[in-house]
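Since the structure is predicted, the reported quantities are computational estimates derived from the model, not experimental observations.
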Amino acid sequence: MAKSGQNSVINSKKQQFLSSRILLVEDHEISRQLLSDYLSCLGYQVLAIADGKAFFWALSNFQPDLILLDLKIPHLDGYSILKELQALPIAQQVPIIVVSAYAFKSDQQRALSLGAKKYFVKPINLSQLRDAIQEILGGLTK
């Protein structure tokens, strides 16, 4: 009987985890489409945008549970977005994972100091990204 109750709790957590919303900010069309498709296949709801211009609209209207942010994007770069987010209450609630081609340690340190939870250098290992998302969202891991 206890086993059935435990399975119910696990299934409930899994369902909540799989319905999580991810805002993907990536200017490179192929990368954006591939990441969006991958995340959708994992069961996430994904809104993918190509530049910083639409970021705050998407943040407000889509209400993501997690943000995947490229740093080099048109109109408002990732660093500027991170800085502006620090002034908003939502910044404490919505974790950010940076996915960038900037490979220098100083770029990573800067992004983390501006509030990013994790930093991945492109090309990314999708399994590691999946694990980081699950860890941050508090989902079930393998």
Side-chain angles (χ1 to χ4, degrees), residues 3-142:
K3 185 103 170 145
S4 174
Q6 185 180 14
N7 285 342
S8 176
V9 170
I10 290 171
N11 288 336
S12 174
K13 285 183 178 181
K14 186 175 181 181
Q15 184 64 27
Q16 179 183 13
F17 171 67
L18 291 178
S19 64
S20 296
R21 293 179 307 277
I22 296 178
L23 175 58
L24 170 62
V25 187
E26 169 62 64
D27 64 323
H28 187 265
E29 186 176 354
I30 293 171
S31 296
R32 184 174 60 252
Q33 188 62 53
L34 289 173
L35 265 177
S36 180
D37 288 350
Y38 176 70
L39 295 168
S40 293
C41 284
L42 291 176
Y44 296 106
Q45 296 176 42
V46 180
L47 175 62
I49 59 174
D51 60 48
K53 189 170 29 177
F55 178 81
F56 289 98
W57 177 90
L59 182 66
S60 174
N61 290 288
F62 184 61
Q63 299 181 346
D65 298 301
L66 183 131
I67 298 166
L68 288 179
L69 178 65
D70 187 8
L71 293 176
K72 188 179 179 196
I73 52 175
H75 303 295
L76 186 62
D77 70 25
Y79 289 125
S80 298
I81 288 173
L82 287 169
K83 283 180 193 172
E84 288 190 37
L85 278 174
Q86 286 185 324
L88 302 176
I90 197 167
Q92 305 306 315
Q93 301 166 12
V94 182
I96 300 166
I97 296 175
V98 170
V99 178
S100 177
Y102 295 155
F104 291 111
K105 193 75 170 166
S106 60
D107 292 310
Q108 180 177 356
Q109 291 170 340
R110 182 176 176 200
L112 293 172
S113 73
L114 289 171
K117 300 292 183 212
K118 299 262 185 194
Y119 191 103
F120 287 92
V121 176
K122 295 176 185 175
I124 58 172
N125 177 307
L126 292 176
S127 296
Q128 289 177 351
L129 179 64
R130 179 202 62 218
D131 291 348
I133 291 169
Q134 290 177 348
E135 175 188 325
I136 287 172
L137 291 176
L140 303 172
T141 55
K142 313 182 241 180

Determine, stepwise, if the pair Leu69 / Leu82 fulfils side-chain contact (heavy atoms from CB on, under 4.5 Å). CA-CA 9 Å; Leu69 178 65; Leu82 287 169; 3.9 Å; yes
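Considering CG of Leu39 and CG of Leu34, their distance stands at 11.0 Å, rounded to 0.5 Å. In this structure, Lys118 NZ and Leu129 CG are separated by 10.5 Å, a value rounded to the nearest 0.5 Å. Atom NZ of Lys83 sits about 4.5 Å away from atom CZ of Arg110, to the nearest 0.5 Å. How far CD1 of Ile136 is from CG of Asp65: 12.0 Å, rounded to the nearest 0.5 Å. Once rounded to the nearest 0.5 Å, the distance linking OG of Ser31 with CD1 of Ile124 reads 8.5 Å. In this structure, OH in Tyr44 is found 5.0 Å from CD in Gln134, a value given to the nearest 0.5 Å.
Remark: Ser80 pairs with Asp77 by the side chain to side chain donor-acceptor pair (under 3.5 Å) rule, at least two apart or across chains. A search for side chain to side chain donor-acceptor pair (under 3.5 Å) contacts involving Lys53 returns nothing, not counting sequence neighbours. Considering only residues two or more places apart in sequence or on other chains, Gln33 meets the side chain to side chain donor-acceptor pair (under 3.5 Å) condition with Asp37. Applying the salt bridge (charged side-chain N to carboxylate O under 4.0 Å, His left out) rule to Lys122 yields the partners Glu26, Asp70; only residues at least two apart in sequence or on another chain are considered. Not counting sequence neighbours, His75 has no partner by the side chain to side chain donor-acceptor pair (under 3.5 Å) test.
Between Phe62 and Gln45 the shortest heavy-atom distance is CZ-O, 3.6 Å. The nearest pair of heavy atoms linking Ser36 to Leu24 is N-CD2, 3.7 Å. Pairing each heavy atom of Tyr38 with each of Leu126, the nearest pair is OH-O, 3.3 Å.
Looking at heavy atoms from C-beta onward, Leu85 lies out of side-chain contact with Val94 at the 4.5 angstrom threshold. Within the 4.5 Å cutoff, side-chain heavy atoms of Gln86 are placed close to those of Leu114. Within the 4.5 Å cutoff, the side chain of Glu84 has no heavy atoms near those of the Phe55 side chain.
Screening Leu47, Leu66, Ile67 for a side chain to side chain contact (heavy atoms under 4.5 Å, CB included) with Ile22, the sole residue that qualifies is Leu66.
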Atom pairs and distances, donor-acceptor, side-chain atoms in residues 100-108, under 3.5 Å, two or more places apart:
residue	atom	partner	partner atom	Å
Ser100	OG	Tyr102	N	3.0
Asp107	OD1	Tyr79	OH	2.9

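Although no hydrogens or angles enter the test, the distance criterion places a donor-acceptor pair under 3.5 Å between the side chain of Arg21 and the main chain of Gln63. Checking side-chain atoms of Ser60 against main-chain N and O of Phe56 turns up no donor-acceptor pair under 3.5 Å.
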